[in-house]
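Everything on this sheet refers to the single structure shown next.
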Amino acid sequence: MCGIVGCIGRGSETVDVLMDGLSNLEYRGYDSAGIALGSQLTVLRRAGELNSLEEAVSADRPSGTVGIGHTRWSTHGSPTDRNAHPHTDESGRVAVVHNGIIENYTALKAELEADGVHFTSETDTEVIPHLIAQSLAAGHPAEDAFHETVDRLEGSYAIAVLMDGDERIFAARQGSPLVIGVGDDSTYFGSDVPAFIEQTREVVFLEDGHRVTATTDGYRVVDKTRAPVEIASQIVSYTAEDTGKSGYDHYMLKEIYEQPNALRQCFAGRADALEGKITLEEVDSIPEPGAVQFVACGTSYHAALYGAAVLREIGIPADAYLASEYALSPPPLTLGTLVIGITQSGETADTLGALREAMSRGASTLALTNVVNSTAARECDHVVYIRAGPEIGVAATKTFSSQLVGCTLLIEQVVDRPRDCRPLIESLRDLPSDVQQVLDSSSAELLVEKYGNSEAYFFIGRGTNVAVALEGALKCKEISYEHAEGFAAGELKHGPLALVTPKTPVFAIVTGNDERARKTLANIKEVQARGAPVIAVTDGQSDAADIADATLMISETHERIAPILANVQLQLFSYHVANALGRPIDKPRNLAKSVTVE
Ligand code: AGP
C-alpha cells in the first residue's frame with residue numbers, strides 16, 4: 001500500500017507537481033502524507049488526509065527543484081506525524097519514501113541502535129535513511145551509499161531517496177510497484193501512473209530488482225548487479241481526464257456511471273457474432289483445463305465465486321479460494337489445473353502469494369486484471385485484461401462488472417465443447433445499454449429514505465447470485481459502515497435467520513425463473529414471516545416482485561449477465577446509504593485501494 005511520487009526537471013513547479021501526484025494517489029492510503037524537496041533538503045509531513053499537508057505547504061511554501069512525496073496506509077506504526085514519510089536520518093541529510101515492508105528491519109534496527117543511532121518513528125522504513133547516512137559517513141559516494149543500502153534490504157519495497165545538496169532522485173523496486181514517467185525535460189516517479197498522468201503519458205514499467213538514478217538530464221536504470229538495463233517506454237491509453245471526478249461528487253459514483261463504457265471496452269473485438277464464437281485471442285492457445293482454481297481477495301473473490309459457479313454448471317470442476325488462505329494452505333492440484341488470479345490492481349500481495357504458490361507447484365497460471373503490466377500480469381503464464389479504465393474509488397464497482405464479463409469471455413474461450421454462444425453474445429452486446437437503463441431508472445436512492453436507517457442489511461441469492469449477495473454486502477459495509485452480510489439464500493435457516501428482524505431489510509437477488517429462483521422465493525417468505533422487509537432485485541421472470549415489499553428492477557437478459565445488472569442496483573443502494581450518512585465514500589476508514597502487504 002502507500003503511494004510514492006517523485007519529480008525532477010520541473011524547477012520551481014516541483015512542489016505543485018508532487019502535490020497533484022499525491023492527490024491522484026490518495027486512493028492508495030490516506031493516513032498521512034509528506035514531501036521532501038531538494039537540493040537544500042526540506043521535509044514536510046502531516047498525519048491525516050492530504051489537506052493537512054496542503055495547509056502546511058501553503059503556509060510555508062517550500063522551494064526546491066527536485067522532490068519526492070508519499071501518501072501512507074499504516075502498516076508499522078500508527079498514523080501520526082512522526083510515522084509519516086519521508087523519513088530522515090538523524091542529521092536530516094537523507095530523506096526516504098517507501099511502499100512495502102522491510103522484513104529484516106528488526107535486525108537492521110538493532111544493529112543501527114547498537115551503533116548509537118536514535119530512531120524517531122515506529123516504522124520499518126526509518127532504517128533506510130539511517131543505513132544510507134552511515135554509508136555516507138564512511139565516505140561512500142551518494143549513489144554507492146544508496147546501492148549498498150538497498151543490497152541489505154529484505155522484503156518488498158518501492159523506495160525513492162533524496163539527499164541534501166544532491167540534485168538526483170535514487171529509486172528502487174522490489175515487490176512493490178514503481179513506474180517512471182518520461183517528460184520532455186523532466187522525469188517522474190509513481191507507484192502508479194496517475195501519480196504523473198497530468199505531466200506525461202509516456203511510462204517505463206520497472207521490474208523487480210531495478211534501481212534508478214534520475215538527474216535533470218534523464219534517468220538510468222540498472223539491475224541488482226548495477227549492470228545497465230534498457231526498457232522501452234510505453235504510451236498509456238488513458239488521460240488525466242479519465243482519472244478526474246468529471247463533475248461527480250465521488251469517484252465511486254463516477255465509476256458506477258462509467259460502467260456502460262467500461263463493459264463496452266471489455267467486450268469490444270472479442271466476439272464473432274456471425275459465427276457465435278468468443279474470440280479472446282490472448283488465450284486461444286490454452287487447452288480446456290481439467291480443473292480451475294480461482295484465487296482472489298475481496299470484491300475480486302466474489303468475481304471468482306461467479307466464475308467458479310459458471311464453470312461448474314458447464315461441467316468443469318472449479319473452486320474459488322481466498323488468496324490469503326490458498327497461499328498458506330493450498331489445495332491439491334490435479335493434472336491440467338489452471339489457476340486464475342482475479343485482481344483489479346494486479347498488485348494485491350495475498351493474490352500474488354497464492355499465484356506464486358501455484359506456480360511453484362507447476363500449475364499453469366492466468367491473471368485476469370485491469371492494470372496493464374501489473375505484477376500479476378507479468379508473472380502469470382497468461383493474462384486477460386478487463387479494460388475497465390482507471391478505478392480510483394476504494395470501493396470496486398466498474399471493475400467488478402468487468403471482471404464478470406472477463407470471466408465469461410475467458411470461460412467461453414477455453415471451454416472446448418460444441419455450443420452456440422449467440423444468445424450470450426447478444427446479451428453481452430446489449431449489456432452496456434441494459435446497465436444504462438438501470439442507472440437511468442433505478443429507485444435505489446428512494447429506498448434509502450425508507451430503509452436507510454436500519455439495524456443491519458442482509459443480501460441473499462443462489463447460484464451465481466451468491467457472488468452478488470456477498471458483493472452487495474461488502475459494498476454496503478465498506479462505504480456506509482453499517483452492518484451488512486451476504487448469504488447463500490439456502491443457508492439463512494441454518495443460523496443467520498436468528499439475526500433477521502423487522503429492522504433488518506433483506507435484499508433478495510432473484511433472476512430467471514428456475515428452481516433456484518423458486519427456492520429463493522421460499523426464503524423470501526421465511527424472512528417476511530419474521531417481519532423483515534424484503535427488497536427483490538429481479539428481472540421480473542419469477543413472482544419475486546409480487547411478493548416483495550419493494551423492488552429494484554433489471555431487464556431480462558442471459559442468466560450469466562443478469563447478476564451484473566443486479567449488482568449495479570446494489571452499488572447504487574450502498575452509495576446512496578453512505579452518502580445520506582455523510583461517509584467519506586472514496587476513502588473509507590482503515591482501507592486503501594490496493595493492499596500490497598500480507
Ligand atoms: C472492495 O471494494 C475492495 N476494493 C477490495 O475488496 C478489493 O477487491 C481487494 O482488496 C482485492 O483487490 P484487487 O482486485 O486489486 O486484487
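The figures that follow rest on heavy atoms only: side chains count, while hydrogens, waters and symmetry mates do not. Atoms within each ligand, like the ligands themselves, are counted from 1 in listed order. Index from 1, following the sequence.
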Run the salt-bridge test on E391 and K398 with the 4.0 Å N-O cut-off and return the result as yes or no.
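K398 and E391: not salt-bridged.
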
Is the closest basic N to carboxylate O distance between R583 and E478 below 4.0 Å?
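Not counted as a salt bridge, because no side-chain N and carboxylate O are separated by less than 4.0 Å.
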
Full working for salt bridge (charged side-chain N to carboxylate O under 4.0 Å, His left out) between E347 and R28
CA-CA 12 Å; E347 302 294 348; R28 299 180 69 89; over 6 Å; no

Atom NZ of K245: over 12 foreign heavy atoms under 6.0 Å
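Yes - once you tally the heavy atoms of other residues, nucleotides and ligands closer than 6.0 Å, there are more than 12.
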
Show me a pair-per-line table, with atom names and distances to 0.1 Å, of protein N or O atoms that are under 3.5 Å from an N or O of ligand 1.
from     : atom 1 : to   : atom 2 : distance (Å)
ligand 1 : 2 (O)  : T299 : OG1    : 3.4
ligand 1 : 2 (O)  : A396 : N      : 2.8
ligand 1 : 2 (O)  : K475 : NZ     : 2.8
ligand 1 : 2 (O)  : E478 : OE1    : 3.3
ligand 1 : 2 (O)  : E478 : OE2    : 2.5
ligand 1 : 4 (N)  : V394 : O      : 2.8
ligand 1 : 6 (O)  : T299 : N      : 3.2
ligand 1 : 8 (O)  : T299 : N      : 3.2
ligand 1 : 12 (O) : T348 : OG1    : 3.4
ligand 1 : 14 (O) : S300 : OG     : 2.5
ligand 1 : 14 (O) : Q344 : N      : 2.7
ligand 1 : 15 (O) : S345 : N      : 2.9
ligand 1 : 15 (O) : S345 : OG     : 2.7
ligand 1 : 15 (O) : T348 : OG1    : 3.3
ligand 1 : 16 (O) : T343 : OG1    : 2.7
ligand 1 : 16 (O) : T348 : OG1    : 2.4

For the pair Y575 and H250, name the ring-plane relationship: parallel under 30°, tilted 30 to 60°, perpendicular over 60°.
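Perpendicular, since the angle between the ring planes exceeds 60°.
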
Suppose we screen for side chain to side chain donor-acceptor pair (under 3.5 Å). Which residues come up paired with E559, at least two apart in sequence or across chains?
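E559 satisfies side chain to side chain donor-acceptor pair (under 3.5 Å) with no other residue.
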
